[in-house]
Amino acid sequence: MLYSSTRGGDHGLHFRDTVLTGLARDGGLILPDAIPDVSADLGRLSTLRYQDLAFEVMRLFADDIPADDLRALIEKSYATFRAKEVTPLVQVGDIFILELFHGPTFAFKDLALQFLGNLFEYILGQTGGRLNVVAATSGDTGSAAIHGVRGRKGVSIFVLHPDGRVSPVQALQMTSVLDANVHNLAIAGTFDDCQGIVKTLFSDLPFKDKHALGSMNSINWARVLAQVVYYFFGAFRAMERTGAKEVDFTVPTGNFGDVFAGYIAAKMGLPIRRLMLATNENDILDRCFKTGTYALGGVQPTLSPSMDIQVASNFERWLHYHLGEDPAKTAAAMASFKATGSLRIADGPIHDRWLTSGRADTTETLEAIRATWRDHHYLIDPHTAVGVAAAHKAMAAGEPPMVCLSTAHPAKFGAAIIKATGEDLAHHPTLDALRGAETRVTRLPADPAAVADFVAAHA
Ligand SMILES: *Cc1c(COP(=O)(O)O)cnc(C)c1O
C-alpha cells in the first residue's frame, strides 16, 4: 500500500514513512492511494476478538511491517487496557454505547496512541533514528500521547496545552508524568493557538528535519487506522445482538479524526448506514454540513473541552474525497480557506453517502447526562453526552441500531457530572490518586518562536 498527500506534493510513501512524517511536506494530509474492500470477508471478521480484528484491518494498510511484528505490536498495545474486550458494547435504553475509555488515560485516544507509541519505538529501534514528537492537545491527546511514549527508547515528546483550559484531571494526567523524555508546555492561548504553533513548526522543513519532528496528533495516519478497528468491532456486536444488517453511528467530534476513521470503515465495506458527527456549541462542522459553507467562528469553552475546536485538521481528508480525489482542487480549497477563513463546499446542505451532522448545546448535554443516569443508572461523560443528545434528536422508529461512541470515562470530567446530577458520582481510584501528585510543566506565550526555542534546547 502506497500513500500520497491530499495536496499532491508527496507520493509513493510507505506506511512506515507516513508514521514518522505525520503532516505531508506540502502541508497536506496523507491518505492511502486505495481503500481495500473487505465486504466479502465480513462474516469471518465479525467473529474475531479485538486484537485479531485489529491485525486483519491494519495489515491491509501496514503491509511493510512483517505480520508477526504487527501482531506483537497490537497485542502489546491493547494489553494495557482494563477491559478484556478492549472496547465493550453496552446497551443503554434504546441506544448502544461503545466504551472506548478503558485505556491508561481513560479516553478513546489510547486506542490509537498506545499503538503509535509502540510503533515509534519499533521503527526507530530498526533504523537507529530518534524522534521528537510535538503535539497540541485540547486535553486528552496530550495525556494519551505522553502515556504512549513515556520511557520509550528513541522518542521524546513536547505537548502543548492551552493553559487553564483543560480540566484539572486532564492537566494532572500530563504534568504528573515525570519521565525525562516528557515535556509539558502550558501555552497562554486556545487549543487552536497550540495547533497553529505545531503546524508552524512542522512547516519549517529545515527545523523539522534538524530535530526529527514527529506527530501524534490525529493528522497521523496510523492513528486514524487504529481507530477504524473499533467501528468494525462495535458494528459487529450491535448487528449480532439485534439481527440488523446495518448500523448507525454517532460520534462526538472535535478534530474530525474519530469520525473520519468511521468514514474509512464505511468505505471499506462495513455496513454503516449513517455516520453522524456531533458537535457542541463549537459547531463549525455542523454548520458546514447544514449550510455547505465551512466558516471559522470564535472558540467558546464548554463542558466538553476536547471538542472546543474550530479548525478540524482531519476535515481536509474528507474534503479530498468529496472533491473527487483531485489534489489540485484540495490544495486550492485549503489555500482559499486559509486566506479567507471560509470555504464554500456546496450551495446548500452537503450530501455525503454516509456523513450527517448534529449538535447539542450545554443544556442538552447536561440533560443527557442526567436522564441517562436517572433512567439507566449509567454515567456518561460530557463528550459522550453531546453525541447521545444529538443521537436522540435524530433517531426515529424502525431505523438501524444506533451506536454512540463513548470517548471518555465520566471520572475525567467529574465537575460536569456534579453539575448535571447534583451528586459527586464519577470517580476512579487511578484518577483520584493523581490529586496532590508531583508535577512538572513549563509556561510559554502563544508564540511559535518561543516554542521552537524550547524544543531546540531540549530535543
Ligand atoms: C479528542 C476527543 C474528542 C474528539 O475527537 P476528534 O477525533 O478530535 O474528533 C471527543 N471526545 C473526547 C473525550 C476526546 O478526547
Side-chain angles (χ1 to χ4, degrees), residues 29 97-113 116 135-148 159 161-162 165-167 169-171 173-174 191-192 194-195 216-221 223-228 230-231 249-264 275-280 282-286 299 302-318 355 357-360 365 369 380-390 404-414 416-417 426 431:
L29 298 184
I97 299 258
L98 187 62
E99 294 184 343
L100 304 176
F101 51 71
H102 295 289
T105 71
F106 297 81
F108 85 96
K109 294 187 171 76
D110 289 325
L111 269 309
L113 290 173
L116 189 56
T137 184
S138 57
D140 293 327
T141 299
S143 57
I146 286 169
H147 286 262
V159 172
H161 71 264
R165 293 194 191 217
V166 301
S167 85
V169 173
Q170 286 179 318
Q173 283 184 304
M174 296 188 278
F191 169 69
D192 286 329
C194 295
Q195 188 152 263
M216 292 181 92
N217 276 117
S218 55
I219 52 175
N220 196 308
W221 168 255
R223 250 186 90 166
V224 174
L225 177 58
Q227 294 175 182
V228 170
Y230 53 70
Y231 282 90
F249 279 96
T250 299
V251 189
T253 301
N255 246 328
F256 203 80
D258 199 0
V259 73
F260 183 73
Y263 184 81
I264 295 292
L275 190 58
M276 183 168 75
L277 66 88
T279 73
N280 60 26
N282 297 293
D283 58 356
I284 177 172
L285 288 167
D286 182 48
V299 181
T302 72
L303 297 175
S304 42
S306 296
M307 296 158 61
D308 292 348
I309 291 171
Q310 284 288 337
V311 185
S313 51
N314 267 290
F315 188 67
E316 179 169 343
R317 286 192 163 116
W318 170 80
L355 273 173
S357 78
R359 174 189 193 275
T365 302
I369 297 173
I380 51 177
D381 99 288
H383 302 79
T384 306
V386 168
V388 168
C404 292
L405 301 197
S406 181
T407 52
H409 191 290
K412 258 192 125 155
F413 301 95
I417 303 297
L431 295 176

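Any value given below was found using the heavy atoms of this structure, including those in side chains, with hydrogens, waters and symmetry copies removed. Each ligand, and each atom within it, is numbered from 1 in the order the structure gives.
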K.L.:
Consider every N or O of D381 and every N or O of ligand 1, then say whether any pair is closer than 3.5 Å.
P.N.:
no

K.L.:
In ligand 1, which numbered atoms sit nearer than 4.0 Å to a non-hydrogen atom of G257?
P.N.:
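Counting atoms of ligand 1 from 1, those under 4.0 Å from G257 are 6 (P), 7 (O), 9 (O).
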
K.L.:
Are any of the N or O atoms of D140 closer than 3.5 Å to those of ligand 1?
P.N.:
yes

K.L.:
Has N255 got a side-chain atom pairing as donor or acceptor with S313's backbone, closer than 3.5 angstrom?
P.N.:
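Checking the backbone N and O of S313 against the side chain of N255, a donor-acceptor pair under 3.5 Å is found.
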
K.L.:
Can you report which non-hydrogen protein atom sits closest to atom 7 (O) of ligand 1, along with the distance?
P.N.:
D258 N, 2.9 Å

K.L.:
Rounded to the nearest 0.5 Å, what separates atom OG1 in T137 from atom NE2 in H161?
P.N.:
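The NE2 atom of H161 is 8.5 Å from OG1 of T137, to the nearest 0.5 Å.
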
K.L.:
Among F413, F315, F108, which residue places a heavy atom closest to atom 5 (O) of ligand 1?
P.N.:
F108

K.L.:
Mark up the atoms of ligand 1 that fall under 4.0 Å of a heavy atom belonging to H383, in ascending order.
P.N.:
11 (N), 12 (C), 13 (C)

K.L.:
Atom OH of Y263 and atom CG of L277: how far apart are they, to the nearest 0.5 Å?
P.N.:
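Rounded to the nearest 0.5 Å, the OH-CG separation comes out at 12.5 Å.
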
K.L.:
Considering non-hydrogen atoms of the protein only, which is the closest contact for atom 8 (O) of ligand 1, and what is the distance?
P.N.:
N255 N, 2.7 Å

K.L.:
Ligand 1 and T407, any nitrogen or oxygen pair closer than 3.5 angstrom?
P.N.:
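Between T407 and ligand 1 (N or O atoms, distance only) the closest approach is under 3.5 Å.
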
K.L.:
Can any side-chain N or O of R165 pair as donor or acceptor with the backbone N or O of P305 at less than 3.5 Å?
P.N.:
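It does not hold such a pair.
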
K.L.:
Taking the side chain as C-beta and beyond, is there a heavy-atom pair between V386 and T279 under 4.5 Å?
P.N.:
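Not touching, per the 4.5 Å side-chain cut-off.
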
K.L.:
Please enumerate all residues that pass side-chain hydrogen bond (donor to acceptor under 3.5 Å, both in side chains) together with T384, with sequence neighbours excluded.
P.N.:
D381, S406

K.L.:
Which one holds for K109 and ligand 1: side chain close, backbone close, both close, or neither close, with close meaning a heavy atom under 4.0 Å?
P.N.:
side chain

K.L.:
Which ligand 1 atoms are under 4.0 Å away from a heavy-atom of A408?
P.N.:
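What qualifies from ligand 1 is 13 (C).
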
K.L.:
Residue-level breakdown please: for F256 versus ligand 1, do any non-hydrogen atoms fall below 4.0 Å on the side chain, on the backbone, on both, or on neither?
P.N.:
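It is the backbone that touches ligand 1; the side chain stays farther off.
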
K.L.:
With no hydrogens and no angle check, just 3.5 Å: does a side-chain donor-acceptor pair link N314 and R317?
P.N.:
yes

K.L.:
What do you reckon, does G254 have a nitrogen or oxygen under 3.5 Å from a nitrogen or oxygen of ligand 1?
P.N.:
yes

K.L.:
Which word best sums up how the rings of F315 and W318 line up, parallel for under 30°, tilted for 30 to 60°, or perpendicular for over 60°?
P.N.:
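Answer is tilted, since the angle falls between 30° and 60°.
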
K.L.:
Do you know the tightest heavy-atom contact between L303 and P382?
P.N.:
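For L303 and P382, the tightest heavy-atom pair comes out as O-CG, 3.3 Å.
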
K.L.:
Please determine whether any non-hydrogen atom of F260 lies less than 4.0 Å from an atom of ligand 1.
P.N.:
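Distance cut 4.0 Å: F260 fails for ligand 1.
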
K.L.:
Which atoms of ligand 1 have any heavy atom of T253 under 4.0 Å away?
P.N.:
9 (O)

